[in-house]
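Order of the sequence lines sets the chain letters (A, B, ...), proteins ahead of strands, with each chain counted from 1. Keep in mind that this is a model prediction, so the values were computed, not measured.
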Amino acid sequence: MNTVHGSRAALVGAVLLLASGCAAAGGYSVTSVGPPRPLREVLPNGVVLIAQEHRASDVVAVQLWMRMGGRDEASDELGLAHYIEHMIFKGTPTHPPGSVDRLIEGFGGTSNAFTSYDATHYDFVVPAEHLRATIELLGDLATNASFPPDEIESEKKVVFEEMNLVEDDPDRFLVRRLYEVAYSPHPYGRPILGTHEFIERLRRDQLLAFYGKHFVSRSMVVVVVGAVTPAEARAAVTPVFGRIPPRAAGRSELSPPPTLDRNRRVDVPRPEKQAYLGLAWKTAPTGDEDIYPVDLLTYILGDSPSSRLNQEVREQQRLVSSIEAGYGAWQKAGLVTVNARLDAENSEKAEAAILDVIRKVRETGVTEAERQRAIITAESSYAFDIETAEGLAKAYGQAETTWTLADEIAYLGRLRQISAAQIQAVARKYLGDDNYARVRFVPAGAPR
Amino acid sequence: MTPGVRRPAVLGLGGLLAAGVLTAPSAAVAQLRHEQLDNGLTVIVRENPVAPVVAVSLLVKMGTRWEQPATAGIANFVHAVMVKGTAKRSGAELAEAVAALGGKISATGEVDYSEIRASSLARFWRDLLGLVAELAFEPTLRTDDVDRERDWLLSRIQKRRDNAPSRAFDAFYAALYGSHPYALPALGTPESLARIDHAAIVAAYRAGYRPERMVLAVSGQVAASEVLAEARRRFGGMARAGAGVDPPVPAPIASAGRIELEMPAQQSQILTGSLAPGLDHPDHAAVKVLSTILGGGMAGRLFAELRDKQGLAYTATSYYDPVREPGALVLYLGTAPENAQQAEAALLAEVDRVRRDPVSAEELTRAKGYLLGRYAMDRRTNERLAWYLAFYEIEGQPRDFPERYRRAVETVSTADILRVAQRYLGALTTVVVRAR
């Protein structure tokens with residue numbers, strides 16, 4: 001998830017995968033050993049299969065990625081995509097409620113799922129001997145989910161609790177609000193968990209309609225990575241996913257969100273004693289050549305204790321207790337965010353100091369040492385992500401649904417070729433003095 | 001969720017002892033290289049080409065097992081001070097140096113060993129080994145760092161005492177193990193830490209960090225022959241110091257009674273259990289399966305019966321970690337205070353049932369699948385792979401332990417479960433921490 005480093009903007013819930021696309025790749029060019037390229041095959045009905053052997057252990061990661069997410073909801077049905085994610089695990093006619101989790105657990109495996117704006121994915125990790133059974137389960141869930149009425153009702157409490165958890169966690173909630181303020185009313189500014197009002201009234205027919213429209217062959221990507229050969233993966237996947245009738249969802253086109261200006265500023269009263277400051281600049285979307293220098297720029301600005309924002313704003317000026325930068329890239333837009341914890345009275349000064357740090361990058365650029373360090377950090381983040389079968393599967397699934405597999409595989413190689421001048425150029429292009437959104441969390445009772 | 005983290009929260013007895021034993025992928029066995037250096041230090045390398053990363057685990061025979069009430073926590077204390085600086089750089093500079101390799105480094109004292117662990121991008125493996133050697137052989141151990149770290153450790157002990165589950169587990173192990181050192185908390189006690197001074201830290205470091213007491217394991221995208229050569233250079237220079245004489249360890253005598261404590265908390269904690277075989281005992285695999293039948297995940301009896309069916313607990317699980325000396329089989333419930341009494345009775349009823357009625361073939365099969373699946377799941381990263389290699393070696397286990405263990409689990413029968421349940425779950429030690 002290298003696009004969202006530092007602040008890990010992606011942590012807006014296990015549900016909200018803010019990191020899309022440029023989640024790295026490659027790394028193999030530096031060493032002679034390394035995994036082979038993945039198998040990529042499009043079945044006759046449009047389902048894409050990606051498979052790779054990865055023998056770090058005896059397990060296999062099986063993931064279903066859907067070209068569907070929060071952005072595909074109508075503006076009066078916010079939270080539908082995420083709710084479907086929950087309901088899928090409630091089973092099918094042949095897998096009654098409760099049996100899905102137990103089946104996977106009985107294998108000693110794990111299951112998980114994530115809903116994002118551009119894509120949604122369902123993940124299993126199981127011992128390799130259970131590959132077939134897991135693919136069959138996944139195929140059943142993807143086509144025969146039964147949405148039991150009583151489960152729909154009881155799951156509402158679980159989703160409300162999830163909403164409360166996000167709101168209770170100031171770091172997560174700050175990122176949530178920042179995306180909202182930066183993008184609203186564009187779909188990227190919507191709450192993935194949805195609105196309380198809509199979920200309360202949510203009906204089974206709405207779920208069935210959305211599921212029926214989007215869970216179709218041309219939206220599906222099946223990724224199998226682990227202690228199995230591509231041929232074994234293919235033999236397991238093809239009979240199950242190959243028999244799904246060919247259909248496309250007819251996904252609507254999404255326009256890019258508007259540019260940012262001084263009007264996108266919000267102050268939020270909060271119960272914490274600590275104040276929070278979040279700034280966001282609109283930058284490159286996935287598929288844009290600028291993602292590479294923007295990624296490196298974000299590391300240099302705010303990834304580690306030695307980063308510029310940490311050194312200047314935290315260490316030297318002591319205006320914040322923590323500060324970090326993150327980059328979330330999406331199909332239609334990217335956002336570079338800077339988040340800080342601080343005392344409320346330092347808010348104006350800290351904002352000015354952050355802008356100074358960025359201005360200095362625009363004017364005098366970054367050093368070669370900083371560039372190299374950022375590349376090592378990016379490589380390391382990627383390398384530890386793909387160390388596990390599920391990490392590599394995720395990188396592939398994300399690339400296939402929101403970017404391209406080829407770009408993913410070439411990512412690190414391209415990153416290494418970016419010069420210090422190119423990093424300075426994107427700072428000039430995107431990170432201005434007034435083209436950013438801002439959210440401040442103000443402790444209740446503090447002067448505003 | 002890693003099964004088997006024995007004491008919840010920070011740095012428990014066996015915090016790293018997680019899921020026991022794993023089965024190595026058969027293809028990987030051939031990629032393992034072992035060597036004992038001339039000074040007695042053992043090196044193990046596993047070539048794992050899947051990702052351009054490397055992990056190092058350096059285990060040393062020092063930990064709770066070698067401590068007494070007066071020295072409780074000293075192994076962990078030593079490591080807290082070690083990471084504050086070496087002859088070549090400060091703690092912050094060390095962190096910065098390893099970050100420049102795209103990596104990280106840390107050190108802790110555990111129950112049967114202490115560990116320095118580090119990882120980085122694979123192409124920097126040489127520099128990483130150098131930093132691990134520097135931390136192991138050239139720590140400064142400054143007097144003011146001893147005082148600063150003592151304060152920090154005391155605050156962690158306090159935090160642990162304020163946490164109901166941690167408090168319950170500490171009380172349980174104290175009651176279960178009696179005068180055996182496994183009764184002691186790995187963090188130590190305020191009384192022991194107050195007595196441990198700079199001289200004691202230096203002496204404990206010297207007694208532990210001897211090549212004969214150390215195992216170095218490396219796993220990652222590396223060439224084993226190159227790593228072995230570099231390990232000889234970096235770790236082979238330290239002179240033999242003798243393995244040292246370990247003091248005799250008193251046999252554990254469980255109090256087999258019931259202890260009730262009270263503290264401000266949202267939930268009541270109920271722990272019951274007994275002494276169980278160590279990891280090289282012939283009954284180890286059968287007790288692992290028994291523990292899984294009772295507390296392994298959502299289908300485990302405690303979760304299915306006490307949580308799902310009867311709604312008597314939020315948390316319902318079991319712990320049985322592999323350790324050298326007698327282990328502990330612990331059944332654990334976290335419950336609403338008003339349900340505590342009923343939950344405890346229901347828990348004891350489950351113990352009675354498993355000692356009386358044979359488990360079904362289906363339940364046995366599920367438990368084995370869950371157990372072995374979890375082993376494979378816990379072996380996915382190089383950090384864990386390196387740790388497992390070093391762990392079995394330092395525990396004196398045969399190198400094909402994972403394969404033997406898998407076979408042992410697979411052959412456990414219904415009769416074995418009944419036999420070990422009757423043998424080990426007879427005299428129970430129970431600790432209840434009531435919320436007030």
Any donor-acceptor N/O pair, E105(A) side chain to Y370(B) backbone, under 3.5 Å: no

Gap between atom CG of L372(B) and atom CD of E129(A) - 0.5 Å precision: 8.5 Å

Steps toward side-chain contact (heavy atoms from CB on, under 4.5 Å) verdict (L101(B), I376(A)): CA-CA 7 Å; L101(B) 312 177; I376(A) 285 176; over 6 Å; no

Chain A contact via A99(B) - which portion, at a heavy-atom distance below 4.5 Å: both

Chi angles and distances behind the side-chain contact (heavy atoms from CB on, under 4.5 Å) call for M377(B), D58(A): CA-CA 8 Å; M377(B) 293 289 288; D58(A) 283 342; over 6 Å; no

Proximal component of E390(A), with respect to chain B [non-hydrogen, under 4.5 Å]: side chain

R102(A) side chain vs M298(B) backbone, donor-acceptor pair below 3.5 Å: yes

Heavy-atom pair of closest approach, residues E96(B) and S306(A): OE2-OG, 3.5 Å

Trace of the side-chain contact (heavy atoms from CB on, under 4.5 Å) decision for N48(B) with R55(A): CA-CA 8 Å; N48(B) 178 12; R55(A) 292 195 185 268; over 6 Å; no

Heavy-atom contact with chain A under 4.5 Å, split by part of N382(B): both

Which atoms of F384(A) approach chain B - backbone, side chain, both or neither, heavy atom under 4.5 Å: both

Flag if over 12 foreign heavy atoms under 6.0 Å of OH, Y314(B): no

Which atom of G102(B) lies closest to which atom of S380(A), heavy atoms considered: O-OG, 2.6 Å

Contacting moiety of S119(B), where chain A heavy atoms sit under 4.5 Å: both

Nearest-0.5 Å distance that lies between atom CG in D378(B) and atom OG in S57(A): 10.0 Å

Salt-bridge present (R123(B), E379(A); N to O < 4.0 Å): yes

Residue Q266(B) excluded, over 12 heavy atoms near CD under 6.0 Å: no

Atom of E387(A), atom of V50(B) and distance for their closest heavy-atom approach: O-CG2, 3.9 Å

Residue pair L121(B) / A383(A): nearest heavy atoms and the distance that separates them: CD2-CB, 3.8 Å

